[in-house]
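Working notes, structure below.
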Amino acid sequence: MKNIQEALMARERAYTPYSHFKVGAAILLKDGTFIHGANIENASYSLTSCAERNALYSLYSQGYKKEDIVSITVIANDHGPVSPCGACRQVMHELLPKDAKIILANTKGETLETTPDGLLPYAFVLDEKPHDE
Ligand code: THU
């Protein structure tokens, strides 16, 4: 499956001298383009940036929009399909279209498919809340 191959390729670029846990993400666009992301760690651990967020921020930085997105595939060498952290779930919920396919995978070939609402029910969405001005 091309999605998995692309996510594995992205994973090769991870910078993980501290956790040694490499994660790759590949976002498929409607025009067939793939946008990649890998996790990038730092000696100041909390500055680490996850693969999913790096891929999505790269996509928006290149001028693409959520309407361009078909799916995101995330892969790691984990016991089951990799489970995105809470921060990435919040970011994916906002930056992916509602009907995006989220494919979670591991290097053993196990996969789990979900959606932004499936991954983060009751997400925080600012524009649906009453707020000042
Ligand atoms: N990590 C990701 O890149 N994505 C996830 O979904 C889970 C965690 C990274 C952050 C850190 O570099 C390493 O995995 C271990 O937590």
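For the numbers below, each heavy atom of this structure counts, side chains included, while hydrogens, waters and symmetry mates do not. Starting from 1, each residue takes its place in the sequence as its number. First listed ligand is number 1; within each ligand, the first listed atom is number 1.
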Open item on the list: Suppose I only count heavy atoms of T48 and a 4.0 Å limit; which atoms of ligand 1 are within that range?
Closed with: 10 (C), 11 (C), 12 (O)
TODO: Consider ligand 1: state whether an atom of it lies below 4.0 angstrom from any non-hydrogen atom of C88.
DONE: no
Task: Approximate separation, where rounding is to 0.5 Å, of M9 CE and I75 CD1 - done: 13.0 Å
Task: K108 NZ to D78 CG distance, which is reported to the nearest 0.5 Å - done: 8.0 Å
- [ ] Give a yes or no on whether the backbone of L120 and the side-chain of R89 come within a donor-acceptor separation of less than 3.5 Å.
- [x] no
Task: side-chain contact (heavy atoms from CB on, under 4.5 Å) partner of T16, chosen from N39, I40, T48 - done: N39
- [ ] Identify, by atom number and element, the atoms of ligand 1 in contact range of E52, meaning under 4.0 Å from any of its heavy atoms.
- [x] 2 (C), 3 (O), 4 (N), 5 (C), 6 (O)
Task: Nearest protein heavy atom with distance in Å, relative to atom 3 (O) of ligand 1 - done: A51 N, 3.0 Å
Open item on the list: Quick test of your reading of the structure: of C50, A25, G24, whose heavy atom lies closest to atom 8 (C) of ligand 1?
Closed with: C50
Open item on the list: Among all the protein's non-hydrogen atoms, which is closest to atom 9 (C) of ligand 1, and how far away is it?
Closed with: N39 ND2, 3.4 Å
Open item on the list: Using a 4.0 Å cut-off to any heavy atom of E41, which atoms of ligand 1 qualify?
Closed with: 11 (C), 12 (O), 13 (C)
Task: Nearest-0.5 Å distance, CD1 of residue I27 to OG1 of residue T33 - done: 11.5 Å
TODO: Please say whether more than 12 non-hydrogen atoms of neighbouring residues, nucleotides or ligands are located less than 6.0 Å from CD in E94.
DONE: no
TODO: Pick, from A76, S49, S83, P17, the option with the minimum heavy-atom distance to atom 7 (C) of ligand 1.
DONE: S83
TODO: Please determine if T16 has a nitrogen or oxygen closer than 3.5 Å to a nitrogen or oxygen of ligand 1.
DONE: no
- [ ] Measure the NZ-CG distance between K2 and L28 for me, rounded to the nearest 0.5 Å.
- [x] 8.5 Å
- [ ] Enumerate the atoms of ligand 1 whose separation from the nearest heavy atom of S19 is less than 4.0 angstrom.
- [x] 13 (C), 15 (C)
Open item on the list: When you compare the side chain of H93 with that of V125, does any pair of heavy atoms fall below 4.5 Å?
Closed with: yes
- [ ] Number the atoms of ligand 1 from 1 as they appear, then name those within less than 4.0 Å of a heavy atom of C85, with their elements.
- [x] 6 (O)
Open item on the list: Under 4.0 Å from atom 16 (O) of ligand 1, is there at least one protein heavy atom?
Closed with: no
